[in-house]
Amino acid sequence: MHHVALADTTLAVHTRGSGLPVLLLHGFPLDHTMWSGQDPLADDVRLIVPDQRGFGRSPGPPPTSIAQLADDAVALLDALHVAEPAVICGLSMGGYVAEHVAVRHPHRVRALVLVDTKLEADTPEARAGREKLAATVARVGQEAVAEAMIPNLLARSDAGRARAGRPAVEEQLRRTIHATPVATITAALAALAARPDMVEPMRGVKVPAMLVVGAEDTITPPECMERAERVLREPRLFVMPQCGHMAPLEDPHTFNAAVREFLREVAGPGAAPPAGRR
Ligand code: MLT
């Protein structure tokens with residue numbers, strides 16, 4: 001992991017591999033470690049996995065809008081001298097950021113992978129819920145958000161709960177949430193609540209897109225991605241069984257296999273063969 005200076009902040013970023021650049025954007029209130037199961041993808045592509053401003057090891061200041069996080073993502077690509085269009089992959093809040101990159105900086109995007117996310121803005125009820133949560137977090141600290149979110153982040157079916165490594169995943173999420181500064185959590189909740197509806201802007205996005213969602217995601221359920229399927233141009237929809245809102249973390253093997261196939265198509269026939277077959 002190293003730090004990269006941008007105009008008004010510094011981002012911590014983990015990079016691995018070479019070839020097609022693939023930017024992985026984490027969800028709220030997490031950091032790059034939620035993508036640790038995706039490291040094997042670096043056999044085929046150049047993975048760029050930042051902590052977004054204020055999260056993980058990126059010092060902040062905390063985010064003011066989702067658009068700002070999208071501009072940070074592009075500034076990071078610039079700082080890393082990534083001139084060719086990149087694949088932008090984001091989970092939940094990271095998905096909202098990826099959508100903003102596609103709309104604000106279309107020439108920087110080769111393809112999109114939207115994971116456990118949606119295009120629509122918050123409902124008034126969701127906004128009120130975020131305001132209430134921010135007030136509670138400001139009063140009692142990160143445990144409020146860990147308590148509110150962790151039960152909803154992962155699959156609830158018996159099969160999902162019984163998955164090997166489930167206690168470690170819960171522990172990882174709890175640790176990450178506790179390490180996120182309160183100021184980042186409250187600022188990000190405000191930014192999430194204020195984000196615009198992306199349905200109409202996303203109709204203009206023409207790059208190849210893959211939509212991935214856990215079948216048991218209760219935060220952004222499969223219907224969200226099914227609606228996105230009708231907005232984007234011929235996207236590929238992949239529903240992951242026995243997974244919740246954290247599909248890449250819950251079942252990295254299945255996620256990576258599906259995304260690897262999509263990335264190979266995106267890279268095209270001239271792309272380098274996977275490391276094992278060189
Ligand atoms: C996330 O996982 O990034 C958040 O749940 C996003 C949201 O609350 O909309």
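Whatever order the structure lists ligands and atoms in, that order sets their numbers, starting from 1.
When atom types are taken as modelled, the side chain of E84 and the backbone of L20 share no donor-acceptor pair closer than 3.5 angstrom. A donor-acceptor pair under 3.5 Å links the side-chain atoms of S36 to the main chain of T33, judged by distance alone.
Sorted by chain and number, the heavy-atom contacts of ligand 1 below 4.0 Å come from G27, F28, S92, M93, Y96, R130, M149, I219, H245.
S65 pairs by the side-chain hydrogen bond (donor to acceptor under 3.5 Å, both in side chains) definition with nothing, not counting sequence neighbours. With sequence neighbours excluded, the residues satisfying salt bridge (charged side-chain N to carboxylate O under 4.0 Å, His left out) with E200 are R203. The side-chain hydrogen bond (donor to acceptor under 3.5 Å, both in side chains) check on D217 picks up T220, H245, with sequence neighbours excluded.
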- Query: Could you go step by step and tell me if H32 and D51 meet the side chain to side chain donor-acceptor pair (under 3.5 Å) rule?
  - Reply: CA-CA 5 Å; H32 78 284; D51 288 338; 2.8 Å; yes
